[in-house]
S.K.: 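Here you go, one structure.
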Amino acid sequence: MIHPTPRLRFAPSPTGPLHLGGARTAMYNWALARSLGGAFVLRIEDTDRARSTDESLQIILAGLAWLGIDWDEGPEFTAGGRSFGGGDFGPYFQMQRLDRYAALVEQLLASGHAYKCYCTPEELAELRAEQKAAKSSFIGYDGRHRDLTAEQRAEKEAQGIQPNIRFRMPDDEVVRVHDLIRGDVEVNTKQLDDWVMVRPGGVPLYNFACVVDDIDMKITHVVRGEEHFLNGVKQRLLFEALGHECPQYAHIPLILNPKGGKLSKRDPGVKSTLEYRDLGYPAAAVFNYIALLGWGFSADRDVFTRDEMVAAFQIGSVGKAGAKFDVDKLHWMCGEYIRTWSLDDFLTASRGHVEPLLADGAWDANAGFLRNALALFQERVQLLSELPDKLRWLFEDPALDAAAQKNLGKHADAPQWLAAYADLLEGMDLPPSFGGDRAAFDTAVRLPSPEDDAPAAAGALTPNQLGDATRALIAELGIKFGQFVHPVRAALTGTNKGPGFFDCVWLLGKDAAVRRLRAHGRA
RNA sequence: GUCCCGUUCGUCUAGCCUGGCCUAGGACCCUAGAUUUUCAUUCUAGUAACAGGGGUUCAAAUCCCCUACGGGAUACCA
């Protein structure tokens with residue numbers, strides 16, 4: 001037999017945002033498809049009319065695109081100049097495939113694999129309650145309408161009851177399923193009831209639509225959450241009833257909250273994927289981190305690229321145990337990725353977070369300044385959303401935090417030092433503060449690299465020259481470097497942490513620096 | 001209740017299939033130190049695990065059984 005082209009799918013229902021667990025399921029499907037050289041299909045399971053929304057759909061598509069999980073077939077979508085979707089096996093929305101489901105229902109009804117059931121939701125709830133009360137080992141539909149006569153059905157219809165359609169399961173049969181992750185598992189159909197394929201009115205339910213679509217879309221492998229494990233058994237029997245081979249199944253464990261429990265609304269891992277984007281998590285870092293939740297790249301490497309993952313990915317090596325979501329490691333990973341970026345990439349990514357601090361047009365008007373400023377923070381953030389708080393002191397006089405207050409009050413002479421420093425700076429060719437004309441200073445300077453410490457315009461002061469002058473003053477005052485620097489930094493930046501002292505002064509610029517020193521100083 | 005799956009450092013995991021190379025490896029976190037004007041980065045070192053109990057075997061983290069605990073399923077949701 002010829003091996004069919006591998007075809008995998010991710011089939012979300014647009015009833016909410018794409019959380020990280022869903023993204024990981026999509027990713028494993030995607031990675032397996034890519035590693036096998038097959039196709040990755042995105043199918044939208046929108047048969048739950050009450051809860052499906054177009055907004056959720058857009059969020060899901062944008063979330064996948066952001067993570068770089070691109071789909072070959074499915075809804076059309078364009079992001080970042082790339083288009084996704086299309087394909088010859090559509091439609092890819094289940095609500096556009098109702099004719100197809102209807103045709104197969106007729107076939108199954110005719111062959112006896114399916115039958116009409118007239119039970120109402122109330123009746124079924126009552127049945128379940130009775131079973132529970134009687135401590136029955138089986139809880140579920142008891143097959144009471146399995147073999148209704150034509151007369152009985154006519155009677156129900158006459159009462160105006162619209163039937164649902166159920167799949168007839170074997171009563172007592174051991175079904176052996178092979179799972180790519182769990183291995184061979186045996187399930188007795190005694191545990192499974194005759195499940196509903198189609199709602200009254202004709203809209204199909206998950207297990208039925210899913211199988212029809214997997215057949216029509218020629219799906220060869222299904223990777224999904226372990227909550228679908230038993231659905232796999234039901235689906236396998238339906239595939240057989242329809243005369244088709246069942247795809248290979250792989251059921252992956254769920255992501256757990258840090259306590260080891262089920263993920264609930266408030267847990268970090270259930271945030272929408274787009275929230276991570278908006279908070280300045282690098283997409284590649286999020287991708288990398290969630291890949292690690294249940295799968296390992298190698299014994300001694302945690303950081304890897306998409307391509308490396310595809311090359312190394314094997315579905316069988318996904319773990320069977322649920323993984324807890326660890327924000328610390330995610331954040332560490334984000335910092336790792338940000339530090340690998342070029343300064344230009346960092347600037348581009350930072351813009352959306354920093355620009356709100358500035359007046360309209362100020363980002364472009366102060367490109368050189370911002371480049372120098374941001375360069376100092378690339379290795380000091382894990383998320384881009386940390387940037388505004390870390391940069392605010394450059395644009396407005398800061399309130400002193402507790403540590404800064406302490407530093408400022410540590411030595412009785414500190415106010416004199418501040419005043420002396422203000423005098424010194426006032427007489428120097430220091431750059432003007434943000435918003436001023438800094439062209440002579442800011443051109444192409446990247447502060448952390450001494451070799452770049454060369455302003456374009458002759459005569460403009462560099463951070464290193466500022467440092468020489470400052471050290472001379474400190475010597476004159478007869479104090480230690482540390483004694484001087486801590487209170488001054490506090491007065492200037494409002495905090496005791498941050499980039500190198502001279503870089504801070506140089507970047508802050510003359511007018512703001514002098515103003516703040518005078519505010520806290522005394523001659 | 002019943003059925004299915006799982007359980008290696010606090011966390012993610014390597015090792016388990018094909019017992020011996022495991023005095024159990026890596027990473028995050030934490031701690032200490034080095035570097036630095038602070039913070040961050042970087043580097044070095046350290047703490048820390050085979051859920052418990054039986055068995056099989058010359059030998060078990062690795063194979064078998066039981067217990068405990070955790071997760072999943074048991075919908076006219078997906």
Side-chain angles (χ1 to χ4, degrees), chain A residues 11-13 15 45-48 50-52 117 119-121 124-125 128 131-132 134-141 162-166 179 181-183 185-188 190-193 195-201 203 205-207 209-210 224-231 233 251 253-254 256 258 260-262 289 292-303 316 319-333 335 339 376-382 390 403 407 448 467 470 474 480-486 488-490 493 495-502 504:
Chain A
S13 65
T15 53
E45 308 210 331
D46 53 356
T47 58
D48 185 345
R51 296 192 300 141
S52 295
C117 168
C119 291
T120 60
L124 293 171
R128 247 189 305 279
Q131 289 167 329
K132 276 191 178 161
K135 301 215 185 286
S136 164
S137 65
F138 169 78
I139 293 174
Y141 181 67
Q162 267 205 319
N164 57 54
I165 296 171
R166 289 184 184 266
D179 188 277
I181 291 170
R182 294 191 179 194
V185 181
E186 290 183 349
V187 178
N188 193 304
K190 274 194 284 195
Q191 288 298 317
L192 275 11
D193 60 4
W195 47 278
V196 179
M197 297 180 1
V198 184
R199 296 174 169 90
V203 177
L205 249 24
Y206 169 70
N207 279 119
C210 176
R224 78 232 296 195
E226 69 179 4
E227 73 271 23
H228 286 296
F229 184 79
L230 244 26
N231 289 331
V233 179
H251 290 93
L254 273 22
L256 276 16
K262 192 189 169 119
Y289 177 72
L292 240 25
L293 251 25
W295 181 76
F297 176 77
S298 74
D300 53 10
R301 251 185 82 192
D302 283 345
V303 180
K320 294 191 190 72
K324 300 187 184 78
F325 189 85
D326 178 15
V327 195
D328 280 341
K329 187 153 184 176
L330 205 212
H331 286 184
W332 165 79
M333 182 87 66
R339 274 173 256 128
L376 294 176
F377 288 91
Q378 185 168 358
E379 64 181 28
R380 288 183 169 80
V381 294
Q382 293 183 314
K390 290 199 190 295
N407 281 336
T470 305
I474 293 170
K480 287 200 209 123
F481 192 82
Q483 286 181 293
F484 177 85
V485 139
H486 296 305
V488 175
R489 173 192 291 280
T493 70
T495 182
N496 65 332
K497 38 185 122 173
F501 178 78
F502 303 123
C504 284

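Naming convention: chains lettered A, B, ... in sequence-line order (proteins, then strands); numbering from 1 in each chain. As a basis for the values below, the full set of heavy atoms in this structure was taken, side chains included, without hydrogen atoms, waters or symmetry mates.
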S.K.: Atom CZ of R224(A) and atom P of C5(B): how far apart are they, to the nearest Å?
M.R.: 17 Å
S.K.: What does T120(A) touch in the nucleic acid at a heavy-atom separation under 4.0 angstrom: a base, only the sugar-phosphate, or nothing?
M.R.: base
S.K.: Between G10(B) atom C1' and F325(A) atom CZ, what is the distance in whole Å?
M.R.: 17 Å
S.K.: In whole angstrom, give me the gap between the P atoms of A73(B) and C29(B).
M.R.: 33 Å
S.K.: So V187(A), base contact, sugar-phosphate only, or nothing? Heavy-atom distance under 4.0 Å.
M.R.: nothing
S.K.: With a 4.0 Å cut-off on heavy atoms, is H228(A) in touch with a base, just the backbone sugar-phosphate, or nothing at all?
M.R.: base
S.K.: Please measure how far the P atom in U8(B) lies from the corresponding atom in G71(B), and state the result in whole Å.
M.R.: 14 Å
S.K.: Between C1' on C5(B) and CD on Q191(A), what's the gap in Å once rounded to a whole number?
M.R.: 14 Å
S.K.: Does R128(A) reach a base, just sugar-phosphate, or nothing at all? Heavy atoms under 4.0 Å.
M.R.: sugar-phosphate
S.K.: Given atom CD of Q378(A) and atom P of C39(B), what is their separation to the nearest angstrom?
M.R.: 21 Å
S.K.: For A40(B), which nucleotide in any strand shown is its Watson-Crick or wobble partner with both distances under 3.5 Å?
M.R.: none
S.K.: Go nucleotide by nucleotide along RNA chain B from the 5' end; which of L230(A) and L124(A) gets its closest nucleotide reached first?
M.R.: L230(A)
S.K.: Taking D179(A) for the side chain and V185(A) for the main chain, is one N or O donor matched with an acceptor at less than 3.5 Å?
M.R.: no
S.K.: Salt bridge between R51(A) and D48(A), side-chain N to carboxylate O under 4.0 Å?
M.R.: yes
S.K.: Give me the distance, rounded to whole Å, that separates C22(B) from C28(B) when you measure between the P atoms they each carry.
M.R.: 23 Å
S.K.: Side chain of R182(A), base of C5(B): donor and acceptor closer than 3.5 Å?
M.R.: no
S.K.: If you look at every strand shown and take non-hydrogen atoms under 4.0 Å, does P12(A) touch a base, only sugar-phosphate, or nothing?
M.R.: nothing
S.K.: Counting side-chain heavy atoms from C-beta on, which of C39(B), C5(B), U37(B) comes nearest to V485(A)?
M.R.: U37(B)
S.K.: Taking the C1' atom of each, how far is U2(B) from A49(B), in whole Å?
M.R.: 34 Å
S.K.: Taking atom P in both A59(B) and G55(B), what distance in whole Å separates the two?
M.R.: 12 Å
S.K.: Under 4.0 Å between any heavy atoms, over every strand shown, what does D328(A) touch: base, sugar-phosphate, or nothing? Just pick one.
M.R.: sugar-phosphate
S.K.: Between C9(B) and C50(B), how far is it from one C1' atom to the other, in whole Å?
M.R.: 10 Å
S.K.: Select from F481(A) and G296(A) the residue whose nearest nucleotide in RNA chain B is closer to the 5' end of that strand.
M.R.: G296(A)
S.K.: Ignoring the backbone of A323(A), work out which of U13(B), C4(B), G71(B) is nearest its side chain.
M.R.: U13(B)
S.K.: Step by step, would you call K190(A) with F138(A) a side chain to side chain contact (heavy atoms under 4.5 Å, CB included)?
M.R.: CA-CA 8 Å; K190(A) 274 194 284 195; F138(A) 169 78; over 6 Å; no
S.K.: For the pair made of CH2 in W332(A) and C1' in C30(B), what is the distance, rounded to whole Å?
M.R.: 16 Å
S.K.: Does the side chain of K324(A) get closer than 4.0 angstrom to OP1 or OP2 of U11(B) through an N or O atom?
M.R.: yes
S.K.: With C1' as the reference atom in both, quote the distance from A78(B) to U67(B) in angstrom, rounded to an integer.
M.R.: 35 Å
S.K.: Please give, in whole Å, the distance from C29(B) P to Y289(A) OH?
M.R.: 12 Å
S.K.: Could you tell me which nucleotide pairs with C21(B) by Watson-Crick or G-U wobble geometry, both distances under 3.5 Å, or answer none if nothing does?
M.R.: none
S.K.: Checking all strands, does G500(A) fall into the base, sugar-phosphate, or nothing category for heavy-atom contacts under 4.0 angstrom?
M.R.: base
S.K.: Could you tell me whether I139(A) contacts a base, only the sugar-phosphate backbone, or nothing, with contacts defined as non-hydrogen atoms closer than 4.0 Å?
M.R.: base
S.K.: State the pairing partner of C16(B); accept Watson-Crick or G-U wobble contacts with both distances under 3.5 Å, and report none otherwise.
M.R.: none
S.K.: For C28(B), give the paired nucleotide (Watson-Crick: N1-N3 plus N6-O4 or O6-N4; G-U: N1-O2 and O6-N3; both under 3.5 Å), or none.
M.R.: G10(B)
S.K.: Report which part of the nucleic acid E45(A) touches: base, sugar-phosphate, or nothing (heavy-atom distance under 4.0 Å, all strands).
M.R.: sugar-phosphate
S.K.: Checking all strands, does C117(A) fall into the base, sugar-phosphate, or nothing category for heavy-atom contacts under 4.0 angstrom?
M.R.: nothing
S.K.: Which part of the nucleic acid, if any, lies within contact of N496(A), taking any heavy atom under 4.0 Å across all strands shown: a base, the sugar-phosphate backbone alone, or nothing?
M.R.: base
S.K.: Are any of R339(A)'s side-chain N or O atoms less than 4.0 Å away from OP1 or OP2 of A40(B)?
M.R.: no
S.K.: N207(A) near the nucleic acid: base, sugar-phosphate alone, or nothing, with a heavy-atom cut-off under 4.0 Å?
M.R.: nothing
S.K.: In whole Å, I'd like the distance from the OH atom of Y206(A) to the P atom of A78(B).
M.R.: 9 Å
S.K.: May I ask you to evaluate whether R199(A) reaches the phosphate of A78(B), defined as a side-chain N or O under 4.0 Å from OP1 or OP2?
M.R.: yes
S.K.: For the side chain of V185(A), starting at C-beta, report the closest nucleotide among A78(B), U38(B), C5(B).
M.R.: C5(B)
S.K.: What integer number of Å spans the C1' atoms of C30(B) and C12(B)?
M.R.: 16 Å
S.K.: Across all strands, who's sitting opposite U2(B) as a Watson-Crick or G-U wobble pair, both distances under 3.5 Å?
M.R.: A73(B)
S.K.: Which whole-number value in Å describes the distance from L376(A) CG to U38(B) P?
M.R.: 16 Å
